[in-house]
Amino acid sequence: MSIYDTLNDKQKEAVVHTEGPLLILAGAGSGKTKTLTHRIAYLIDKMDVNPWNILAITFTNKAAEEMKNRVMDLVGFGADQIWVTTFHSTCMRILRRHIDRLGYDTNFTIYDSDDQKTVMKNVCKKLNIDTKNFKEKTILNAISKAKDNLISVSDYEMSTLGDFSKVVYAKAYREYQDQLKKSNALDFDDIIVKTVELFRQFPEVLDYYQERFKYISVDEYQDTNKAQFELVRLLADKYRNLCVVGDDDQSIYKFRGANIRNILDFEEYYPEAKVIKLEQNYRSTQTILNAANSVIANNVSRKEKALWTEIGDGKKIRFSQLENAYDEANFIVDDISTAVRRGDYTYSDFAVLYRTNAQARNIEERLVLRGIPYNVIGGTNFYARAEIKDMIAYLKTIENGQDEVALRRIINVPKRSIGAASLDKLMDFAEISDDTLYGAMLNVDQIMGLGKAAQKIEGFVNLIRVLRSTYDAVGSIAGILKKLLEMTDYESYLYDQDEESAEDRMANIDELINKATAYEEENDEPTLTGFLEEVALVSDLDNADLEEARVPLMTIHSSKGLEFKCVYIAGMEDGLFPGYGAVMSDDREELEEERRLAYVGITRAREQLILTCAKMRMMRGETQINPISRFVKEIPRNLIDGYIPKSKYEREDSEYSYDYGRNTSDAGISSYDVRRSSYDSGLSSYDVRKSAAEPRLTARLKSASAPASVKPYYSDQIKQLNSISGIQKGMPAAKLDSLEYSTGDKVTHKKFGTGTVLSIVSETRDYKVTVDFDAYGKKIMYASFAKLEKL
DNA sequence: CACAGGTCTCTTTTT
DNA sequence: GAGACCTGTG
């Protein structure tokens with residue numbers, strides 16, 4: 001019996017198709033990693049391909065790691081010759097060797113999004129761009145989008161066509177790239193873009209890698225953007241042995257430039273491509289798959305497919321709507337605790353998933369209270385913490401004095417009296433002498449008017465020199481970090497800054513030192529450059545240990561590619577998931593992306609899926625009342641165990657709820673429920689249907705009725721809720737019992753004409769309604785005076 | 001000039 | 001509710 005006998009027919013077909021382009025459409029849990037790893041084994045084993053000639057690109061470091069291990073198990077000897085890496089590490093390895101051809105130094109540094117923002121601030125200042133009108137983030141987004149699509153600065157400049165915003169973006173783009181270049185730095189997008197540029201400009205370099213990588217496979221192909229596609233296309237262009245694996249239904253990174261067209265158009269670019277669909281699922285019960293299938297069926301732009309399994313129906317999906325986020329957290333934690341006590345599951349069998357990182361906190365608090373071990377995966381990046389960024393900035397300066405962002409970050413940290421005025425003088429000098437900031441610092445004696453600061457600058461330069469020579473002598477990264485702490489007395493600085501957090505921050509720095517030590521132990525040739533690179537490209541998620549006996553908490557995005565016996569998805573509410581923006585957007589694609597995310601979440605579960613939501617939830621400082629997510633209602637009701645309040649306009653005889661799921665939404669219903677304005681708000685089912693395509697959303701209650709000092713804690717929350725309902729019971733006569741319109745409705749006003757309701761905030765005496773009038777723009781008014789009428 | 005405090009804004013997901 | 005940013009004060 002060979003290793004290939006465990007494959008099903010479709011998988012086998014994919015494994016033996018080694019020559020020429022291949023598109024594998026692999027549904028969730030259909031054994032795509034297994035197929036890919038066996039295919040690699042087959043190449044080496046049966047086709048006599050040199051492992052050296054194989055490149056396997058994955059999306060995350062974690063996925064790469066897993067694939068590497070699995071290939072190793074199958075192939076054994078020689079497997080370490082295969083490049084199994086992410087897009088970014090692949091490109092980094094190439095760029096470290098050849099980027100000098102593009103005029104960068106090979107020890108270039110990587111800028112994360114914080115660094116990018118810092119650069120963009122400088123750019124705006126220099127170009128006199130008013131950051132009130134043009135937010136740094138907006139400009140950076142525009143630039144990132146351009147890079148994702150391989151639009152160069154000059155391309156962008158030519159495409160502005162007098163569009164004022166685009167002209168500004170183009171100017172910023174040029175200056176931004178100049179500054180990065182000066183700092184010998186690349187941002188994340190550049191890592192891909194520069195590699196493509198390198199290949200296009202230097203055919204001999206491309207040819208080398210084409211010869212090297214005769215067999216290429218790309219995992220999570222649905223998440224690639226145009227630049228990544230071009231990179232792969234170039235590499236594969238000579239031998240055309242390109243195998244891509246993806247699932248258009250799991251494309252959830254459009255916001256980051258992922259182009260779903262890449263998967264839909266693959267056959268167009270490679271007409272000779274073979275297409276194989278893997279639809280048999282080995283992970284979940286049929287119940288869970290049916291739910292996933294019915295939800296995703298509501299999307300229009302997708303390749304038709306349906307998952308099936310031989311596992312059997314299993315347990316029903318559970319659904320529960322709780323009063324508020326605290327009750328929701330309680331419910332989940334109780335549930336986990338009960339199941340573990342019964343001996344059904346252990347902690348690591350669970351996962352609690354959510355749409356936004358902010359939701360983690362509530363659940364975390366309850367877990368702490370119950371003493372249940374847990375792990376919040378992702379969220380705030382370890383390397384984004386201020387003290388860690390300081391340390392990294394020092395390391396970058398030691399390694400590459402050209403990195404201006406890093407240098408400016410630490411030039412006066414800890415305080416050494418090199419203030420803004422001195423910095424300006426240094427910057428001016430650097431500008432005139434066409435030198436870097438650090439270069440200017442080396443020449444303080446030539447700069448006029450620095451006064452006492454000159455000595456301080458010399459002192460700083462000396463510090464860096466000493467650290468540099470320490471590193472050269474000792475070669476230990478952990479060593480320089482310790483020396484750095486000692487020489488700068490960074491600890492005192494932290495205590496001066498904020499006594500309370502200083503201890504935690506020092507602990508973080510210790511953790512960094514541990515990471516440095518670990519890096520030096522794990523690598524044959526550890527270098528400062530290598531460590532900084534790892535720091536820039538490795539995420540929390542990659543280090544997460546899911547085997548540990550802890551309940552993992554993470555966003556649905558982070559959960560992609562993982563599986564758990566028992567999955568909770570919290571916050572199933574319209575306005576949260578799908579998010580507010582997607583619900584309000586005219587762009588159907590946005591909602592479809594959210595739906596794909598729901599599909600990803602649902603298909604993480606092997607045995608049991610539990611969906612929860614809250615009637616009320618604090619969001620951005622306001623208590624929002626959100627209706628049950630449309631995605632819950634898109635699941636056939638017979639699959640669900642749990643009461644879902646029926647919408648009035650649902651067919652009474654219908655067992656399924658997804659009849660209306662396609663084009664309509666009954667969002668808003670639960671808010672009526674809570675506000676007791678009841679289902680008899682005078683809307684005929686026809687009325688609702690007519691307006692339902694426009695999402696009716698969230699009435700809001702201002703949290704102001706709670707005492708100012710109230711911390712969001714369970715009992716206080718109850719009080720707060722009581723006070724809200726108290727207000728509602730004893731409402732002054734002026735306040736209407738309910739409003740006939742809700743968010744998203746078209747209304748008319750005597751003076752301002754027609755408009756759309758943007759939000760409704762319930763205040764003590766009245767509803768504050770924000771309306772976007774067609775002719776007058778946004779107006780805020782009180783419901784009892786405005787006499788708005790629903791159209 | 002530094003800092004405390006008030007105001008304003010806010011989608012969300014991350015290699 | 002949190003973070004960024006601005007402004008007034010000592």
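Residue numbers begin at 1 in each chain, while the letters A, B, ... track the order of the sequences. These numbers come from the heavy atoms of this one structure, side chains and all, not from hydrogens, waters or symmetry mates.
- Phosphate proximity of dC5(C) to Lys121(A): present, with a side-chain N or O under 4.0 Å from OP1 or OP2.
- Here Phe255(A) counts as stacked on dT13(B): its ring centre is under 5.5 angstrom from the base ring centre and the planes meet at under 30°.
- Taking only side-chain nitrogens and oxygens, Ser558(A) comes nearer than 4.0 Å to OP1 or OP2 of dT14(B).
- A straight line from CE of Met618(A) to C1' of dC10(B) spans 15 Å, rounded to a whole angstrom.
- As judged by a 4.0 angstrom heavy-atom cut-off over every strand, Phe59(A) is placed among residues touching the sugar-phosphate backbone only.
- For the pair Asn412(A) CG and dA2(B) C1', the interatomic distance rounds to 13 Å; values are reported in whole Å.
- Leu537(A) places its CG atom 8 Å from the C1' atom of dT15(B), with the value rounded to the nearest Å.
- Looking only at side-chain heavy atoms (C-beta outward), Leu186(A) and Met92(A) stay at 4.5 Å or farther from each other.
- When distances run from any side-chain atom of Glu594(A) to the nucleotides dA2(C), dT12(B), dT15(B), the shortest one goes to dT12(B).
- Per the geometry, CZ belonging to Arg604(A) stands 19 Å off P belonging to dT13(B), to the nearest Å.
- For Thr555(A), a side-chain nitrogen or oxygen approaches OP1 or OP2 of dT14(B) to under 4.0 Å.
- Look at Phe87(A) and the base of dT15(B); the rings do not stack under the cut-offs of 5.5 Å between centres and 30° between planes.
- Spacing between atom NE2 of His88(A) and atom C1' of dT14(B) amounts to 9 Å, rounded to whole angstrom units.
- Ring pair Phe59(A)/Tyr253(A): centre-to-centre distance below 6.0 Å.
- Remark: P of dG1(C) and CG of Asn324(A) are 13 Å apart, rounded to the nearest angstrom.
- Contact check on Arg355(A) versus Glu594(A) returns a salt bridge, with a Lys/Arg side-chain nitrogen under 4.0 Å from an Asp/Glu carboxylate oxygen.
- The existence of a salt bridge linking Lys560(A) and Glu220(A) is confirmed by a sub-4.0 Å separation between a basic side-chain nitrogen and an acidic carboxylate oxygen.
- One interatomic measurement links the two molecules: CG of Asp190(A) to P of dT15(B), which rounds to 18 Å at whole-angstrom precision.
- Taking the six-membered ring where tryptophan is involved, the planes of Phe577(A) and Phe631(A) are perpendicular, since the angle between them exceeds 60° and thus also 30°.
- Across all strands shown, Glu590(A) has heavy atoms under 4.0 Å from base atoms, whether or not it also approaches the sugar-phosphate.
- Put simply, the side chain of Arg620(A) and the base of dT11(B) share no donor and acceptor less than 3.5 Å apart.
- Contacts of Asp223(A) with the nucleic acid, taken as non-hydrogen atoms under 4.0 Å apart, are absent.
- Taking 4.0 Å as the cut-off between side-chain N and carboxylate O, Glu590(A) and Lys254(A) do not count as a salt-bridged pair.
- Here, dC6(C) and dT11(B) have their C1' atoms 25 Å apart, quoted to the whole Å.
- We find that CD1 of Ile192(A) is positioned 18 Å from P of dT14(B), with the value rounded to whole Å.
- When distances run from any side-chain atom of Thr356(A) to the nucleotides dC10(B), dT12(B), dT15(B), the shortest one goes to dT12(B).
- Comparing Asn61(A) and Gly581(A), the nucleotide of DNA chain B nearest to each residue sits closer to the 5' end for Gly581(A).
- Proximity of Asn357(A) to the phosphate of dT13(B): a side-chain N or O atom is located under 4.0 Å from OP1 or OP2.
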